[in-house]
K.L.:
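After the structure tokens below, expect a handful of questions from me.
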Amino acid sequence: MVWMVRFIVAFIAILSFISSAFGGKVYLSLLTGNPGGTYYPIGNAIAGLINKYVPEVYVIVETGNASVSNCTLVGSGEAEMAFAQNDVVNWAYTGAFIFSKPFANIRVLASLYPEAFHFVTLKSSGIKDIYGLKGKRVAVGEVGSGTEINARLILEEAGLSYKDIDVNYLEYSVAIQRMKEGKIDAFFYTVGYPAVVIEELASTKEISILSLSEDLIKKIGKKYPWLSRHVIPAKTYKWQEENILTISVMALWIGASSIPEDIAYKMVKGCFTHINETYFFHPKMRLITLDTALEGVTTPLHDGAKSFYKEKGLLK
Ligand code: GLU
């Protein structure tokens, strides 16, 4: 996957060079996530708006392993833009936790919508809470995903570790397939709901989405301020009759500091001015608003985005 991304990125760089040499468009990549998640449809919606309203730019949407991998690729100059969770963006920018060096060129263009940690199992599994995972086969997210980082730290704060479970790093569509076949007992996904893969699983199996305890959420929030208490409302998914208590992070739209200021300004403006045209892409589109454009942002904004938010009175 990384090689494919590199190939596409190199291709885009060549296109950019050729087109700028002839006074044409700037080609920018936008790394998203798995097609079964929410980054991908929302990335397509936002790219569509930019491609329509910012004639100088052409955005190319790519699938990928999401947050950690996206921050690494933007941070190392191999991609221009991406979506990533705000906890991961903070660690990437500061070079903390899972990152061994800071990626100081990462800038935030906008905060988009909350992503909830989903702890999914089947009713028939008999698993009732996080402690019920001991000895079970758990898909913890893809390598390079924010989900996997959240899974690790949530287990740790609950006093568990990867040693207590049978860890599987699976792509989400494979995880649900294995779950249908009885080869996986549970899976995690930090994602804006509803997520297509979970809906698909619920269409053939009686799923059970489990809550985290109030105490565990408090403990996690104290140590990791980006992870806040969140409720997945009852009936978000088939079989889910009750509210689910969990944690959430904010999905951020990030870009490299090397994106020219006027281009970043025009992209953010184009996006927020016409966002209502994209509501049909995913229910989370309606949560992408100027009011929440800076929510959960703890690392620097891109200068172009800053100018737009100043103009709108969000910043001084
Ligand atoms: N938040 C997820 C991650 O970074 C990706 C979710 C999505 O693709 O919608 O791992």
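For the single chain, residues carry numbers from 1 onward in sequence order. When a ligand or atom number is given, it counts from 1 through the structure's own listing order.
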K.L.:
Which atoms of ligand 1 have any heavy atom of G37 under 4.0 Å away?
P.N.:
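Answer, ordered by atom number: 9 (O).
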
K.L.:
With sequence neighbours excluded, give me every ring-ring contact (aromatic ring centres under 6.0 Å, His included) pair touching residues 154-211.
P.N.:
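ring-ring contact (aromatic ring centres under 6.0 Å, His included) check on residues 154-211 returns F117-F188, F119-F188, Y172-Y189, Y193-H230.
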
K.L.:
Below 3.5 angstrom, do we get any N/O pair linking Y39 and ligand 1?
P.N.:
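So ligand 1 has an N or O lying under 3.5 Å from an N or O of Y39.
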
K.L.:
Could you check whether any side-chain heavy atom of I209 comes within less than 4.5 Å of a side-chain heavy atom of T246, counting everything from C-beta outward?
P.N.:
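A side-chain contact is absent here, since even the closest heavy-atom pair is not under 4.5 Å.
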
K.L.:
Just so I know, are the side chains of Y53 and T273 near enough to count as touching, which here means a heavy-atom distance under 4.5 Å?
P.N.:
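Contact flag for Y53/T273 side chains = no.
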
K.L.:
Considering only heavy atoms from C-beta outward, does the side chain of T299 approach that of I254 to under 4.5 Å?
P.N.:
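No - every pair of side-chain heavy atoms lies 4.5 Å or more apart.
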
K.L.:
Give the atoms of ligand 1, by number and element, whose distance to some non-hydrogen atom of G146 is under 4.0 Å.
P.N.:
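Within the 4.0 Å cut-off of G146, ligand 1 contributes 3 (C), 4 (O), 10 (O).
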
K.L.:
Do me a favour and list the nearest non-hydrogen protein atom to atom 1 (N) of ligand 1 with residue, atom name and distance?
P.N.:
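The answer is E115 OE1, 2.6 Å.
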
K.L.:
Start with the C-alpha gap between K25 and E56, add the side-chain angles, then the distance that decides, and say whether salt bridge (Lys or Arg N to Asp or Glu O under 4.0 Å) holds.
P.N.:
CA-CA 5 Å; K25 284 179 190 286; E56 301 91 326; over 6 Å; no

K.L.:
Compare all side-chain heavy atoms of L315 with those of L294 and state whether any distance is below 4.5 angstrom.
P.N.:
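In contact.
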
K.L.:
Hey, which atoms in ligand 1 end up nearer than 4.0 Å to a heavy atom of T38?
P.N.:
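Here the atoms of ligand 1 in question are 7 (C), 8 (O), 9 (O).
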
K.L.:
Does ligand 1 come near enough to T190 that some N or O of the ligand is less than 3.5 Å from an N or O of the residue?
P.N.:
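N/O-N/O distance below 3.5 Å exists for this pair.
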
K.L.:
Looking at S145, which atoms of ligand 1 are within less than 4.0 Å of one of its heavy atoms?
P.N.:
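Near S145, the atoms of ligand 1 are 10 (O).
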
K.L.:
Do M81 and M267 have side-chain heavy atoms sitting under 4.5 Å apart?
P.N.:
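Counting from C-beta outward, M81 and M267 do come under 4.5 Å.
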
K.L.:
Taking both backbone and side-chain atoms of Q85, is any N or O found less than 3.5 Å from an N or O belonging to ligand 1?
P.N.:
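Yes, there is a polar N/O contact under 3.5 Å.
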
K.L.:
Could you say whether the N/O atoms of S67 and ligand 1 ever approach to under 3.5 Å?
P.N.:
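Between S67 and ligand 1 (N or O atoms, distance only) the closest approach is under 3.5 Å.
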
K.L.:
Below 4.0 angstrom from a heavy atom of T147, which ligand 1 atoms are there? Numbered from 1 as shown, please.
P.N.:
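By the 4.0 Å cutoff, the relevant atoms are 2 (C), 3 (C), 10 (O).
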
K.L.:
Parallel, tilted or perpendicular: which one describes the rings of F272 and F308, with boundaries at 30° and 60°?
P.N.:
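The arrangement is parallel - the two ring planes meet at less than 30°.
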
K.L.:
I'd like to know whether ligand 1 has Y189 as a neighbour, heavy-atom separation below 4.0 Å.
P.N.:
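Flag set, Y189 near ligand 1.
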
